[in-house]
Participant: 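For reference, the structure I am asking about is given below.
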Amino acid sequence: AQISQSEPELIGPTKPIVVRVGDDVTLPCHLEPVMDAVMMTLEWSRSDLNNVIVYVWRSGQEYVKENDPSYTGRTSLFTDELKHGNISLKLSKVKLSDKGTYKCFIPKLNKQTLVELVVGINGDKGGVVLQCESKGWYPEPELLWLDAEGKILSAGPTETVRGPDDLYTVSSRVTVEKRHSNNITCRVQQRNINQIRETQIHVPGKHTFLQVKYDNLCTFK
Ligand SMILES: *[C@@H]1O[C@H](CO)[C@@H](O)[C@H](O)[C@H]1NC(C)=O
Ligand SMILES: *[C@@H]1O[C@H](CO)[C@@H](O)[C@H](O)[C@H]1NC(C)=O
């Protein structure tokens, strides 16, 4: 006779997973108690993006048909680990747009767990890279970086994307030396309609690397 055991649970990390753009990352998720998951359907999706499919494992193999194209070729499971109930997802060459909430889900057990992924930007040699993005503009705005004295900083090219709603999203990165990074302003402006949005970014001197990256992500909505 079958003895009723404790119900299996999916276990994810207790804290957000932090990664830098361009690196690989593992999103942890496993079954407890240990169960063989090889023949189960396993689904990873973006719970913050209408459950866009990131990865599906079905009938003992990867099932690629439903995957969102932005994840194609960048996701995999540790197949040797599946028999131990470890269905952690490997995500390669992380992009900024990978930042978000991932759902690890087993339909048959109706169990799921969420994994939060934070994506930071790569800094170099004591420099700090700041990123600024602003959405929902029309006409196209300009984006400026200013130092503490209000002088314009030279930055990389402004990336402009026009959405299906005709509105513009602009984003830009600037690298500042740590000693200059205590008060930097990102300003987005459209002169014709006399609109200005700006924010000050403060980067205190003794940040650890990852905290700096996390704090630097500044988004106007
Ligand atoms: C799952 O597999 C990954 C990759 O081998 C490993 O890093 C992780 O520690 C494993 N998790 C568990 C709970 O064993
Ligand atoms: C930061 O610099 C801006 C000018 O670019 C200034 O208006 C603001 O007061 C400064 N803030 C601090 C805390 O120094």
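Ligands are counted one by one from 1 in listed order, and the atoms in each one are counted from 1 as well. Position 1 is the first residue of the sequence; numbering continues from there.
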Participant: Does the protein put a heavy atom less than 4.0 Å from atom 14 (O) of ligand 1?
Facilitator: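 Yes.
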Participant: Taking 4.0 angstrom as the limit and counting only heavy atoms of His30, give me the atoms of ligand 1 inside it, by number and element.
Facilitator: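 Listed by number with element: 13 (C).
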Participant: Do Glu142 and Arg191 meet the salt-bridge criterion of a basic N to acidic O distance under 4.0 Å?
Facilitator: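 Salt bridge flag = yes for Glu142 with Arg191.
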Participant: Considering only NZ, NE, NH1 and NH2 on the basic side and carboxylate oxygens on the acidic side, decide whether Arg20 and Asp23 come within less than 4.0 Å.
Facilitator: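 Looking at Arg20 and Asp23, the cut-off is met.
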Participant: Can you confirm whether something in the protein, heavy atoms only, sits under 4.0 Å from atom 9 (O) of ligand 1?
Facilitator: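 No, there is no protein heavy atom closer to it than 4.0 Å.
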Participant: Does this structure show an ion pair linking Lys111 with Glu7, if we count only N-O contacts that are shorter than 4.0 Å?
Facilitator: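 Looking at Lys111 and Glu7, the cut-off is met.
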Participant: Judged by non-hydrogen atoms, does Pro28 sit under 4.0 Å from ligand 1?
Facilitator: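 No, that is not the case, since the closest heavy atom of the residue is not under 4.0 Å from the ligand.
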Participant: Tell me which protein heavy atom sits closest to atom 5 (O) of ligand 1, plus the residue, atom name and distance to 0.1 Å.
Facilitator: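 Answer, as residue, atom name and distance: Glu81 OE2, 3.5 Å.
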Participant: Does a side chain donor of either Thr75 or Trp44 reach within less than 3.5 Å of an acceptor in the other side chain?
Facilitator: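 On atom types as modelled, these side chains do not qualify, holding no pair under 3.5 Å.
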Participant: Before accepting this row, confirm whether a basic side-chain N of the pair Glu81/Lys83 lies closer than 4.0 Å to the acidic partner's carboxylate O.
Facilitator: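 Salt bridge flag = no for Lys83 with Glu81.
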Participant: Quick check: does Asn86 get an N/O under 3.5 Å from an N/O on ligand 1?
Facilitator: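 Yes, there is a polar N/O contact under 3.5 Å.
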Participant: In terms of atom number and element, which parts of ligand 1 are under 4.0 angstrom from non-hydrogen atoms of Ser88?
Facilitator: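 Listed by number with element: 1 (C).
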Participant: Could you list who else is in Val161's hydrophobic cluster, with ILVMFWY side chains joined at under 4.5 Å, directly or through other members?
Facilitator: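 Reading the cluster by chain and number, Val161 sits alone, since nothing else belongs.
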Participant: Going by the order shown, which atoms of ligand 1 are within less than 4.0 Å of some heavy atom of Phe78?
Facilitator: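 The list of qualifying atoms is 4 (C), 5 (O).
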